[in-house]
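Reviewing the structure listed below.
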Amino acid sequence: MSDPVLIAAGAADLVLDGVGTALRRAGALLGRADLAELARDGREELRRRGSLALRRHAPARESHMESLARRAASRGTGPDDG
């Protein structure tokens with residue numbers, strides 16, 4: 001057998017194993033009595049993780065005072081600006 005075939009077969013086996021595990025977990029999850037509370041907790045955790053991820057990857061906003069100072073400096077309102 002060639003390497004690409006073996007690699008593809010190995011990857012497919014890995015995916016099928018992962019799908020089987022996910023289906024077993026989903027089946028166990030559906031049998032829980034506190035499913036609504038679990039879904040609420042999961043939503044809140046996803047919201048918090050999203051907030052952290054956005055803070056980590058989004059550029060920091062400029063502070064209001066810094067923005068005002070930059071605007072004033074661009075207008076040339078200093079004592080030497082005449």
Side-chain angles (χ1 to χ4, degrees):
M1 290 265 167
S2 65
D3 273 354
V5 172
L6 291 175
I7 290 171
D13 186 53
L14 186 64
V15 168
L16 287 176
D17 189 46
V19 168
T21 300
L23 288 175
R24 278 191 298 276
R25 287 184 181 167
L29 182 69
L30 290 176
R32 292 182 62 146
D34 59 345
L35 188 58
E37 183 178 329
L38 195 63
R40 247 189 328 267
D41 289 348
R43 182 176 185 265
E44 181 62 25
E45 183 169 332
L46 284 175
R47 199 179 68 73
R48 288 182 183 169
R49 288 180 69 100
S51 174
L52 288 173
L54 287 176
R55 272 192 255 156
R56 189 173 47 238
H57 295 292
R61 283 191 256 163
E62 186 177 41
S63 74
H64 181 67
M65 292 302 290
E66 192 171 321
S67 174
L68 290 176
R70 191 179 316 279
R71 194 176 314 160
S74 70
R75 276 192 250 148
T77 57
D80 298 333
D81 295 330

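What's counted below: heavy atoms across the whole structure, side chains too, no hydrogens, waters or symmetry copies. These numbers come from a predicted model, not from an experiment.
Linking ILVMFWY residues whenever their side-chain heavy atoms come closer than 4.5 Å, directly or via other members, leaves Leu14 and Val19 in distinct clusters.
Scanning for side chain to side chain donor-acceptor pair (under 3.5 Å) contacts around Arg24 gives Thr21, with sequence neighbours left out. The salt bridge (Lys or Arg N to Asp or Glu O under 4.0 Å) check on Arg47 picks up Glu44, with sequence neighbours excluded. Asp17 pairs by the salt bridge (Lys or Arg N to Asp or Glu O under 4.0 Å) definition with nothing, not counting sequence neighbours. For Ser51, the side chain to side chain contact (heavy atoms under 4.5 Å, CB included) partners two or more places apart in sequence, or in a different chain, are Arg55. Every residue two or more places apart in sequence or in another chain that forms a salt bridge (Lys or Arg N to Asp or Glu O under 4.0 Å) with Arg32 is listed here: Asp34.
Note that CZ of Arg43 is 12.0 Å distant from CZ of Arg48, once rounded to the nearest 0.5 Å.
Side-chain heavy-atom separations under 4.5 angstrom define the hydrophobic clusters, and Leu46 shares its cluster with no other residue.
Across all their heavy atoms, Leu35 and Leu29 have their closest contact at CD1-O, 3.7 Å.
The environment of Glu45 atom CD is sparse: at most 12 non-hydrogen atoms of other residues, nucleotides or ligands sit within 6.0 angstrom.
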